[in-house]
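Written out below as structure tokens is the structure these notes cover.
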Amino acid sequence: MNLCDLKTVRQIMAMFHLTFHKEFGQNFLTDRMVVENIAEECCFDENSTILEIGPGIGTLTYELALRRRQVISLEIDRGLIPVLQYTLGEFDNVRVINQDVMETDLEELLAPAFSEGPVSVCANLPYYITTPILMKLLESRLPFEYITIMIQKEVADRLCAKAGSKDYGAITAVLAYYGEAEKLFTVPSDRFVPAPKVDSAVIRIKLHREKPYVPRDEALLFRTIKAAFGQRRKTLANALSTGFPELTREQITSAIASLGHEPTIRGERLDIAQFTALSDTLYPLLHTD
């Protein structure tokens, strides 16, 4: 069954009386080469279990099932469950669950899979909820090998940006704490039905098995990053003064200077290693008792 063929997609939708649900961000891929590339590049161990988020009618799921030991797919749209039973009926290594990933206990769901081998994530994420889903995956602290996602190109550029570039932001720095992101390729909007208004891109995140930079206080690291980008046009000293009102201006400029930076530097110039060092420098100033 060619689930990338537009005629086939329309036949399936007619058969099951389906309509596209904008509230779920449903855009189905119709370029088979793109789907095959995602399935190939999402991880490199055939014995892997893949957690797929939002399988749609099963286009990517089909290719994943051909290449990996097991696929666990979470689909929020109840109306697509019978469709997936139809399109994926030939596979005994696919499990489809009608559930919202944001309300799913991933640790409980994936415990058997982690005990059997490596687990990676592969998903075509709805634009409107990309960041919350990605942060849930990262903050779960589950030992995923890779997270491969297709997202809005603009967001992909931001997630994969280098410190000092125009696309670099708080989410980039936070992501770098958990893993290393790279953009694999761009997917034009005309490769989807219905076609979104912007192009997409596929990125792959290799999760750190051991974090190269470990802060004294993880929550303080994230607070420091958030403060640094809270008012992007401000210098780092001014931004931190706003984000840490309990510290004096002198304490903040001294902390920045101790790392070899001028207080006029901007937050987007710092990479995750420098943010970790900065938060560690702020730590004793915030814990004086």
Side-chain angles (χ1 to χ4, degrees), residues 127 130-139 141 147 149 151-184 186 198-199 201-289:
Y127 292 163
T130 294
T131 300
I133 291 178
L134 178 57
M135 291 311 301
K136 169 162 183 164
L137 293 170
L138 296 174
E139 291 171 352
R141 304 186 186 280
I147 297 175
I149 51 178
I151 54 180
Q152 185 176 342
K153 181 180 179 298
E154 179 183 342
V155 177
D157 291 340
R158 193 177 309 141
L159 293 176
C160 298
K162 301 299 182 184
S165 67
K166 65 180 180 64
D167 292 319
Y168 187 75
I171 185 65
T172 325
V174 170
L175 174 56
Y177 173 70
Y178 290 103
E180 184 176 352
E182 64 174 317
K183 186 163 71 171
L184 300 181
T186 300
V198 295
D199 293 339
V202 178
I203 69 169
R204 183 177 60 216
I205 304 165
K206 181 176 175 58
L207 280 297
H208 297 313
R209 292 197 176 192
E210 294 185 8
K211 293 183 175 63
Y213 308 104
V214 181
R216 295 179 67 177
D217 184 325
E218 187 179 271
L220 177 57
L221 170 62
F222 295 148
R223 183 184 174 189
T224 303
I225 293 172
K226 181 179 179 180
F229 290 96
Q231 300 184 5
R232 194 179 180 97
R233 295 183 180 180
K234 285 192 173 185
T235 64
L236 179 59
N238 287 339
L240 292 181
S241 293
T242 301
F244 290 91
E246 65 268 49
L247 298 180
T248 67
R249 172 80 178 192
E250 182 180 358
Q251 287 176 312
I252 289 172
T253 56
S254 177
I256 296 172
S258 71
L259 302 178
H261 299 303
E262 294 292 329
T264 53
I265 193 173
R266 297 186 183 277
E268 58 263 32
R269 304 294 301 179
L270 275 60
D271 60 19
I272 187 59
Q274 294 168 314
F275 272 121
T276 302
L278 178 58
S279 72
D280 285 352
T281 303
L282 295 176
Y283 182 87
L285 302 177
L286 297 163
H287 299 78
T288 56
D289 48 22

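Along the sequence shown, residues carry numbers from 1.
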Residues in side chain to side chain contact (heavy atoms under 4.5 Å, CB included) contact with Pro212, at least two apart in sequence or another chain | His208
What pairs with Tyr177 under ring-ring contact (aromatic ring centres under 6.0 Å, His included), at least two apart in sequence or on another chain?
-> Phe222
Heavy-atom side-chain proximity of Val174 to Leu138 below 4.5 angstrom = no
Residues two or more places apart in sequence or in another chain: which of them pass salt bridge (Lys or Arg N to Asp or Glu O under 4.0 Å) with Glu262?
-> none
Residue set satisfying salt bridge (Lys or Arg N to Asp or Glu O under 4.0 Å) with Arg158, at least two apart, ordered chain then number -> Glu154
Taking only residues two or more places apart in sequence, or in another chain, which ones meet Asp157 in a salt bridge (Lys or Arg N to Asp or Glu O under 4.0 Å)?
-> Lys153, Lys183
Taking only residues two or more places apart in sequence or in another chain, which ones pass side chain to side chain donor-acceptor pair (under 3.5 Å) with Tyr213?
-> none
Partner set under side chain to side chain contact (heavy atoms under 4.5 Å, CB included) for Ala277, not counting sequence neighbours | Leu259
Residues at least two apart in sequence or cross-chain that pass side chain to side chain contact (heavy atoms under 4.5 Å, CB included) with Arg209, listed by chain then number, are Glu145
List the atom pairs, with distances to 0.1 Å, where a side-chain N or O of residues 241-248 and a protein N or O form a donor-acceptor pair under 3.5 Å, not counting sequence neighbours.
unit_1	atom_1	unit_2	atom_2	d
Ser241	OG	Ala237	O	2.8
Thr242	OG1	Asn238	O	3.2
Glu246	OE1	Arg223	NH2	3.2
Glu246	OE2	Arg223	NH1	3.1
Glu246	OE2	Arg223	NH2	3.1
Thr248	OG1	Gln251	N	3.0
Thr248	OG1	Gln251	OE1	3.4

Sequence-distant partners of Val198, side chain to side chain contact (heavy atoms under 4.5 Å, CB included), two or more places apart | Tyr127, Gln152
Which residue, Ile225, Leu220, Val214, Leu221, forms the side-chain contact (heavy atoms from CB on, under 4.5 Å) with Thr276?
-> Leu221
Report the residues that fulfil salt bridge (Lys or Arg N to Asp or Glu O under 4.0 Å) with Glu180, sequence neighbours left out, ordered by chain and then residue number.
-> none
